[in-house]
Novice: 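Let me begin by handing over the structure; questions about it come next.
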Protein chains: 2
Amino acid sequence: MARTIGSHSDITGPRVREAALTLFARHGYAAVSMRQIAAEVGVQAGALYNYTPDKQSLLADLLAAHMDELLVAHTAETPKNSAPTDALEHFTRFHIRFNAARADAVFISYMELRNLSAENFGRIEALRRVYEGRLEAILRAGVASGAFDIPDPKITALALIAMLTGVNTWFREAGRLSLAEIEEIYWGMVRKTVAV
Amino acid sequence: MARTIGSHSDITGPRVREAALTLFARHGYAAVSMRQIAAEVGVQAGALYNYTPDKQSLLADLLAAHMDELLVAHTAETPKNSAPTDALEHFTRFHIRFNAARADAVFISYMELRNLSAENFGRIEALRRVYEGRLEAILRAGVASGAFDIPDPKITALALIAMLTGVNTWFREAGRLSLAEIEEIYWGMVRKTVAV
DNA sequence: GTCTATAGAGAGATAGAC
DNA sequence: GTCTATCTCTCTATAGAC
């Protein structure tokens with residue numbers, strides 16, 4: 001990769017995070033060296049330290065940014081005051097669509113938590129619990145209104161999220177099913193799971 | 001850890017695999033050194049090479065052994081000629097119970113596939129597909145008999161396995177729910193998911 | 001079968017020139 | 001802001017003594 005002398009902080013910064021995300025997802029955090037990331041970006045390893053204090057912070061920032069984006073997008077796209085069934089359908093479709101568009105970030109969000117410091121781990125986990133809490137709230141509202149029959153809303157929330165996130169392990173753009181078809185199938189399963 | 005001079009191949013071998021399993025699950029394959037494994041066992045790093053040709057084979061053997069155990073146990077414990085609903089209930093309970101008892105092995109089976117050579121990866125994946133195929137066959141039999149209503153048995157098989165395996169991410173022996181209660185809740189969800 | 005010692009490669013991070 | 005050079009450490013794997 002060609003490079004020029006001079007100032008590139010506005011370009012190089014995002015490229016570093018992008019390269020780290022891709023490489024961490026493909027080979028794992030511990031297996032990727034700073035030199036590999038630098039090579040992908042087209043700089044020398046030392047230059048990376050203009051953008052991150054160390055390797056661990058690079059990972060933590062990627063995970064935190066992903067969780068932030070998830071919560072912000074979910075808030076922005078969620079209609080207010082929906083009936084529980086509508087809210088659950090929206091959550092289902094949002095989750096599949098959002099995660100399918102960010103396969104690498106979702107992957108490292110599950111795989112690389114153990115490589116975070118205790119403090120960073122706590123921060124990321126708290127954000128994840130907020131997201132899980134939103135689904136749980138939808139389920140509880142549906143139970144309260146009589147729309148859903150669920151013995152344990154917390155467990156059901158975790159079970160549904162695991163089921164939906166599982167799409168990422170096999171979904172391929174060129175596969176047998178389109179994302180729209182997958183949304184339909186999964187919404188059908190979610191709907192029946194909570195049905196009275 | 002104390003150690004003695006002499007021959008211990010029958011003891012040390014299993015201890016090496018045990019230590020590797022625990023450490024790989026806790027810190028990740030790439031982050032664990034042969035020295036750490038040796039220290040856990042109570043030998044020097046060089047001695048490990050009496051039990052594995054290299055680090056990669058150690059991982060591959062752990063994953064292959066886990067998948068073999070899974071298929072053997074599932075075959076042994078599965079009643080013959082069950083009605084689809086009974087077979088599905090058995091699969092659900094078996095999966096939860098088997099995986100809860102082997103959290104470390106399940107974890108690395110999902111997390112460390114990318115650290116396998118292409119050949120080892122193909123071998124492990126084939127075993128996994130056999131297991132998924134058994135659930136899919138149950139679902140298809142239920143559709144054929146009219147017991148289940150499922151738009152896409154392959155996708156439903158993957159979705160249910162993801163849901164069931166998700167238990168491992170939060171289940172703790174000392175937690176709010178016993179494994180028996182969890183089995184009940186999940187069987188309730190599975191039953192409704194496939195219901196006519 | 002395990003030890004000690006080490007070869008050889010590669011890691012993360014820093015210093016100083018430009 | 002990036003480079004080159006390097007410090008210091010750790011890694012996998014092997015050799016040879018016991």
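All values reported here derive from a predicted model rather than from experimental measurement. Numbered from 1 within each chain, the chains take letters A, B, ... in sequence-line order.
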Novice: Calculate the interatomic distance between A:N115 atom CG and C:dG12 atom C1'; express it in whole Å.
Specialist: 15 Å
Novice: Does a salt bridge link A:E119 with A:R123, judged by any charged N lying under 4.0 Å from a carboxylate O?
Specialist: no
Novice: Looking at B:T12, I'd like to know whether one of its side-chain N or O atoms comes within less than 4.0 Å of OP1 or OP2 on C:dT2.
Specialist: yes
Novice: Between A:I182 and B:I155, does the side chain to side chain contact (heavy atoms under 4.5 Å, CB included) criterion hold? Intermediate values first, please.
Specialist: CA-CA 9 Å; A:I182 292 167; B:I155 298 300; 5.7 Å; no
Novice: Among D:dT2, C:dT2, C:dC3, which is the nearest nucleotide to the side chain of B:Q44?
Specialist: C:dC3
Novice: Short question: side chain of B:E69, backbone of B:H66 - any donor-acceptor pair under 3.5 Å?
Specialist: no
Novice: Send over the distance from B:Q56 CD to D:dC11 P, rounded to a whole Å.
Specialist: 19 Å
Novice: Return yes if some donor-acceptor pair links the side-chain N/O of A:R128 with the main-chain N/O of A:S109 below 3.5 Å, else return no.
Specialist: yes
Novice: Side chain of B:A47, heavy atoms from C-beta onward: which of C:dT2, D:dA13, D:dG1 has the nearest atom to it?
Specialist: C:dT2
Novice: Measure from CD1 on A:I37 to P on D:dT2 and round the result to the nearest Å.
Specialist: 15 Å
Novice: Is the shortest distance from a Lys or Arg side-chain nitrogen in B:E112 or B:K55 to a carboxylate oxygen in the other one below 4.0 Å?
Specialist: no
Novice: Enumerate the protein-to-nucleotides 7-11 of chain C contacts in which both atoms are nitrogen or oxygen and the separation is below 3.5 Å.
Specialist:
from	atom 1	to	atom 2	distance (Å)
C:dA11	OP1	A:S33	OG	3.1

Novice: Where does the angle between the aromatic ring planes of A:Y131 and A:H74 fall among parallel (under 30°), tilted (30 to 60°) and perpendicular (over 60°)?
Specialist: perpendicular
Novice: Counting only side-chain N and O atoms of A:Y51, is one of them less than 4.0 Å from OP1 or OP2 of D:dT2?
Specialist: yes
Novice: Quick check for you: among C:dT2, D:dG1, D:dT14, whose closest atom lies nearest to any side-chain atom of B:Y49?
Specialist: D:dT14
Novice: In this structure, how many angstroms lie between the P atom of D:dG1 and the CZ atom of A:R15, rounded?
Specialist: 16 Å
